[in-house]
Amino acid sequence: MMTLFWLLLAALLLLALLFIWWPWLKKQPQQPPVSEAVERNRQNVEIFKQRVGELEQDLARGSLEQSSFDNLKQELELGLLQEVDESSDSPSIATQTSQRNLTLPVGLSILVPCLSVFLYLQLGASDKLMLPPTQPAAAQSGEGHQRADFEQQVEQLQARLEAEPENPQGWFMLGRSYLTLERYQDSYNAFSKVSELVGEHAEIISQKAQALYFLNGNQLTAEVQALVDRALELDPSDPGTLGLIGMAAYEAGQYPEAIAVWQTLRDGDNPDVNREGLQQAIDQAKEQMAQQGIEYNPEALAKAAAKTPVNEPATDIAKTPAASLKVLVEVDSQLQQGLAPETTVFVFAQAVAGPKMPLAAAKLQLRDLPTMVTLDDSMAMGPMAKLSSAEQVQIRAIVSRSGRPGTEAGDIQGGVSPVDVAGNDTLIKIMIDEVVQ
């Protein structure tokens, strides 16, 4: 590899030198021969002698005065000197011109190779040419060192937590680190320790569900599903839980469902969501569908997913009525005392069986209660998670002091379950009268 590189470099340099020298070699000025200058000087001297002889004859005949003779002779001598100087200088001038013309190609011949080598050493990638064929192994070795350093840091964190076992932030960080190291059982244990210290929180439960999901070979087991359902009960919009639901759907080949969940996360207002990563996952799921010859069309896919008899014509699917539930929401007058009128109220429906991701949701304020809310498919979080896709739902209403979805200590909640979806025209009443402990 190196030999070929240097041969190519030498060829390029020779080509560059040819471009430099070719104009000079082609148009090199011709210098007059030295013998021509000598002969011209000799002729000038002969002419000078002849003219002086003529002047001396005129002086001897008396036709020319001595002063005039002296002036004319002096002029002839000056003229001779001038002619001889110009002739003798001509070869020197030609030589200087030749030297100047030669200086340029010689200088460029030295400058171009030196400058090329200097720039390549500064800006090039000569170090990569020196790498042995086992470069991937070298890169893996570097990654191995990084992993070893990370494992050492994790061990130090674990040792610190043994001395400070009541540190929930440390245990949470340890659980995330174990996930990175693919030590899923240790990760699950660490997140369980966090739950023991701070109680049930959707963010923590979703991390436990992820660790258990990976521990079971990317399988959404009953235990994982129970954790997912509990996390959604606490916070229907928890990013970790929804991300896991989308991941499980993708692994199961349910690409439209995965896209719907990821799009819900991407389009939400949670600042901690990695929207760039979600978009890449969405594009990958669409690519998988395209490879199977399926075009991503949310409306068509939603209709195709509707539950209909096996032999029922496809035209009847489009006639399936959209689900709609009328809910009267009230709050206990004594419990609402002390709460600001603009306190947020969430009303949403979840499937009784299956994932607890909200199928329809509405956001109100405490000043709006009592009020009637209509939950329908237009409030769905995605085209594959609509109210009409469930047979029975539970309807919940939460007065959230923090203004965030989910429940926290001090919030007030109420709910009704189960509620039939298809053809339900009755008014469903919910009294918000339970304080979350």
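- Ile398 is listed as a side-chain neighbour of Phe348, based on a closest heavy-atom distance under 4.5 Å.
- With sequence neighbours left out, the side-chain contact (heavy atoms from CB on, under 4.5 Å) criterion links Ser333 to no other residue.
- Within 6.0 Å of CE on Met173 lie no more than 12 heavy atoms contributed by other residues, nucleotides or ligands.
- Side chains of Asn424 and Thr426: a donor on one and an acceptor on the other come within 3.5 Å.
- In terms of modelled atom types and a separation under 3.5 Å, the side chain of Arg401 and the main chain of Gly410 share a donor-acceptor contact.
- Residues in residues 274-289 take part in these side chain to side chain donor-acceptor pair (under 3.5 Å) pairs, two or more places apart or across chains: Tyr250-Gln284, Arg266-Gln279, Gln279-Asp283.
- Two residues are said to be in side-chain contact when any heavy atoms from C-beta on lie closer than 4.5 Å; Met289 and Pro256 meet this criterion.
- The closest donor-acceptor contact from the side chain of Asp267 to the backbone of Thr264 lies at 3.5 Å or more, if one exists at all.
- The minimum heavy-atom distance between Ser388 and Asp377, with the atom names listed, is OG-OD2, 2.9 Å.
- Judged by distance alone, with hydrogens and angles left aside, the side-chain atoms of Asp332 form a donor-acceptor pair with the main-chain N or O of Gln334 at under 3.5 Å.
- In this structure a side-chain-to-backbone donor-acceptor pair under 3.5 Å is present from Asn167 to Gly170.
- Of the N and O atoms on the side chains of Gln365 and Glu342, not one donor lies less than 3.5 Å from an acceptor on the other residue.
- For residues 166-185, every residue pair satisfying the salt bridge (Lys or Arg N to Asp or Glu O under 4.0 Å) rule, not counting sequence neighbours, is listed here: Arg183-Asp186.
- Between Phe150 and Ser177, some side-chain heavy-atom pair lies under the 4.5 Å cut-off.
- Using a 4.5 Å cut-off on side-chain heavy atoms (C-beta onward), Thr241 and Pro239 make no contact.
- Remark: the backbone N or O of Pro165 is paired with a side-chain donor or acceptor of Trp171 at under 3.5 angstrom.
- Met247 has its side chain within reach of Phe214: a pair of non-hydrogen atoms, C-beta onward, lies under 4.5 Å apart.
- The minimum heavy-atom distance between Gln413 and Ile432, with the atom names listed, is N-CG2, 3.6 Å.
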Query raised in the report: Could you go step by step and tell me if Leu215 and Tyr188 meet the side-chain contact (heavy atoms from CB on, under 4.5 Å) rule?
Result: CA-CA 9 Å; Leu215 183 62; Tyr188 178 83; 5.6 Å; no
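- Put simply, the side chain of Leu212 does not reach to within 4.5 Å of the side chain of Tyr184, judged on heavy atoms.
- Side-chain atoms of Val327 and Thr374, non-hydrogen and from C-beta on, never get closer than 4.5 Å to each other.
- Ser187 and Asn189 share no side-chain donor-acceptor pair at under 3.5 Å.
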Under 3.5 Å, sequence neighbours excluded: what are the donor-acceptor pairs made by side chains of residues 197-209?
| residue | atom | partner | partner atom | Å |
| --- | --- | --- | --- | --- |
| Glu200 | OE1 | Arg230 | NE | 3.1 |
| Glu200 | OE1 | Arg230 | NH2 | 2.7 |
| Glu200 | OE2 | Arg230 | NE | 3.4 |
| His201 | NE2 | Val198 | O | 3.3 |
| Ser206 | OG | Ala202 | O | 3.2 |
| Ser206 | OG | Glu203 | O | 2.8 |
| Ser206 | OG | Asp238 | OD2 | 3.2 |

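- Residues forming a side-chain contact (heavy atoms from CB on, under 4.5 Å) with Val421 (at least two apart in sequence, or on another chain): Ala323, Leu387, Val393.
- Within 6.0 Å of the CZ atom in Arg367, the count of heavy atoms belonging to other residues, nucleotides or ligands exceeds 12.
- With a 4.5 Å cut-off on side-chain heavy atoms, Gln392 and Val419 do not count as touching.
- The closest donor-acceptor contact from the side chain of Arg396 to the backbone of Glu233 lies under 3.5 Å.
- In this view, Phe191 and Phe172 satisfy the ring-ring contact (aromatic ring centres under 6.0 Å, His included) rule, not counting sequence neighbours.
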